[in-house]
Amino acid sequence: MPTLVIGLGNHGGGYANTRHNTGWMALDELQRRGRFAKERKEGPARVSEGSVDGFDLVLARPQTYMNLSGRAAVHLVDRFGVAPADIIVVHDDLDLPLGRIRLRRNGSPGGQKGVKSLADSLRFKDFIRVRIGIGRPAEEEDPVDYVLRRFRPDEREVLDDVLPRAADAVIAIVRDGLDRAASQFNSAPKQGVPALGDVAGG
């Protein structure tokens, strides 16, 4: 049975390459590495089925807004016959510095409304999460505005390093299991870039 990997993001061209769409960017990296069928509509999501390094994956992008992502997850779990415990969810995380990833099963959504929607809709919170740090905004900046902005050029350099590692982490989870993958990726922090308010002239 293929592994269902759900990347969280907002649909629509205006949200492309924003911090809140980091989960979709990680799915793009997985697609580049493997062989996948053309993306198709599947209920309130778009999916692409294929494989990376011999492991069968279903890559799914909910087409709802972030805070309604659970609607897509419920449909996908039913459609592909996957247990919620076996889902891998890839998403941005304000509580991690840019350049860090963290693998875990369960825990608080931490303000990530897509994760909260999945937990509420599935009535299950112990799915596997690949958290990709996007850092916190300056104190005076609204977090909602922050997550919907595109990365600065210096941030993009860090992102270009972390997205391949996030894809590596997904494959490691499928191949080796969460505990072994977490011991590898959670213990290797990367140096992030300064928050916007810490940059000269920012």
Side-chain angles (χ1 to χ4, degrees), residues 3-10 17-30 33 52-53 55 57 59-62 66-67 69-70 73 84-120 122 124-137 143-144 146-149 151-152 154-196 198:
T3 300
L4 175 61
V5 184
I6 300 177
L8 296 185
N10 285 309
N17 299 316
T18 60
R19 293 178 175 91
H20 228 10
N21 277 35
T22 306
W24 283 17
M25 298 179 204
L27 263 58
D28 290 340
E29 176 66 25
L30 284 165
R33 295 184 181 194
V52 178
D53 296 342
F55 299 102
L57 305 176
L59 305 182
R61 293 173 169 84
M66 181 73 77
N67 62 345
S69 300
D86 295 330
I87 297 171
I88 299 174
V89 180
V90 188
H91 64 89
D92 63 286
D93 197 306
L94 281 168
D95 291 328
L96 289 176
L98 182 66
R100 287 285 306 273
I101 62 173
R102 189 164 184 84
L103 316 185
R104 69 181 304 171
R105 183 190 292 279
N106 69 41
S108 166
Q112 222 293 351
K113 293 182 178 179
V115 173
K116 183 179 186 303
S117 178
L118 262 68
D120 290 347
L122 293 169
F124 184 85
K125 65 182 180 68
D126 292 345
F127 42 80
I128 298 169
R129 295 163 55 186
V130 177
R131 302 162 56 201
I132 304 174
I134 60 171
R136 282 206 162 270
V144 174
Y146 175 78
V147 299
L148 295 179
R149 289 182 180 172
F151 291 95
R152 306 189 311 264
D154 57 329
E155 293 175 316
R156 188 72 211 197
E157 290 181 11
V158 180
L159 188 70
D160 289 344
D161 174 73
V162 77
L163 290 175
R165 289 193 291 114
D168 289 341
V170 170
I171 298 304
I173 292 168
V174 176
R175 183 186 62 232
D176 303 323
L178 176 61
D179 290 345
R180 187 170 175 185
S183 70
Q184 175 185 354
F185 289 91
N186 291 356
S187 61
K190 284 281 188 175
Q191 179 64 44
V193 299
L196 184 59
D198 295 333

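Because the structure is a prediction, the values reported are computed rather than measured. Just so you know, residue 1 is the first one in the sequence shown, and it goes up from there.
- Val147 places none of its side-chain heavy atoms less than 4.5 Å from the side chain of Thr18.
- For Arg19 and Tyr146, the positive end sits near the middle of the six-membered ring, less than 6.0 Å away and at most 45° from its axis.
- Residues Asn10 and Leu148 meet the side-chain proximity criterion, which asks for heavy atoms closer than 4.5 Å.
- Side chains of Val52 and Val170 form no contact here, defined as non-hydrogen atoms less than 4.5 Å apart.
- In this structure, the side chains of Leu8 and His20 stay at 4.5 Å or more apart for every pair of heavy atoms.
- Residues Asp168 and Phe185 form a side-chain contact, since some pair of their non-hydrogen atoms from C-beta on lies under 4.5 Å apart.
- Considering CG of Asn21 and CG of Asp92, their distance stands at 8.0 Å, rounded to 0.5 Å.
- Evaluated for a side chain to side chain contact (heavy atoms under 4.5 Å, CB included) with Arg131, the options Gln112, Arg104, Arg100 yield exactly one hit, Arg104.
- Shown here for Arg165 and Gly99, the closest heavy-atom pair between the two residues is NH2-O, 2.6 Å.
- Separating the CD1 atom in Ile101 from the CZ atom in Arg129 is a distance of 14.0 Å, to the nearest 0.5 Å.
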Run Ser69 and Leu118 through side chain to side chain contact (heavy atoms under 4.5 Å, CB included) and show every step you take. CA-CA 6 Å; Ser69 300; Leu118 262 68; 3.5 Å; yes
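- A distance of 12.0 Å separates OG1 of Thr22 from CG of Leu27, quoted to the nearest 0.5 Å.
- For the pair Gly70 and Ser117, the tightest heavy-atom approach, listed with the atom from each and the gap, is N-OG, 2.8 Å.
- Within the 4.5 Å cutoff, no side-chain heavy atoms of Asp93 are placed close to those of Arg102.
- Across every non-hydrogen atom of Arg105 and Ala85, the tightest pair is NH1-O, 2.7 Å.
- Looking at Ile171 and Leu30, their side chains come closer than 4.5 Å, going by heavy atoms from C-beta outward.
- Atoms CG and CZ, from Asp154 and Arg156 in turn, are 12.5 Å apart once rounded to the nearest 0.5 Å.
- Looking at every heavy atom in both residues, Gly135 comes nearest to Leu94 through O-CD2, 3.2 Å.
- Nearest heavy-atom pair across Gly7 and Trp24 is O-NE1, 3.0 Å.
- The NZ atom of Lys113 lies 15.5 Å from the NE2 atom of His91; values are rounded to the nearest 0.5 Å.
- Looking only at side-chain heavy atoms (C-beta outward), Leu96 and Ile132 stay at 4.5 Å or farther from each other.
- For the atom pair CD1 of Ile173 and CZ of Phe55, the computed distance is 12.5 Å after rounding to the nearest 0.5 Å.
- Taking all atoms of both residues into account, the shortest heavy-atom contact from Ala169 to Leu103 is CB-CD2, 3.8 Å.
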The test is side chain to side chain contact (heavy atoms under 4.5 Å, CB included); show your working for Ile6 and Phe127 and say whether it passes. CA-CA 11 Å; Ile6 300 177; Phe127 42 80; over 6 Å; no
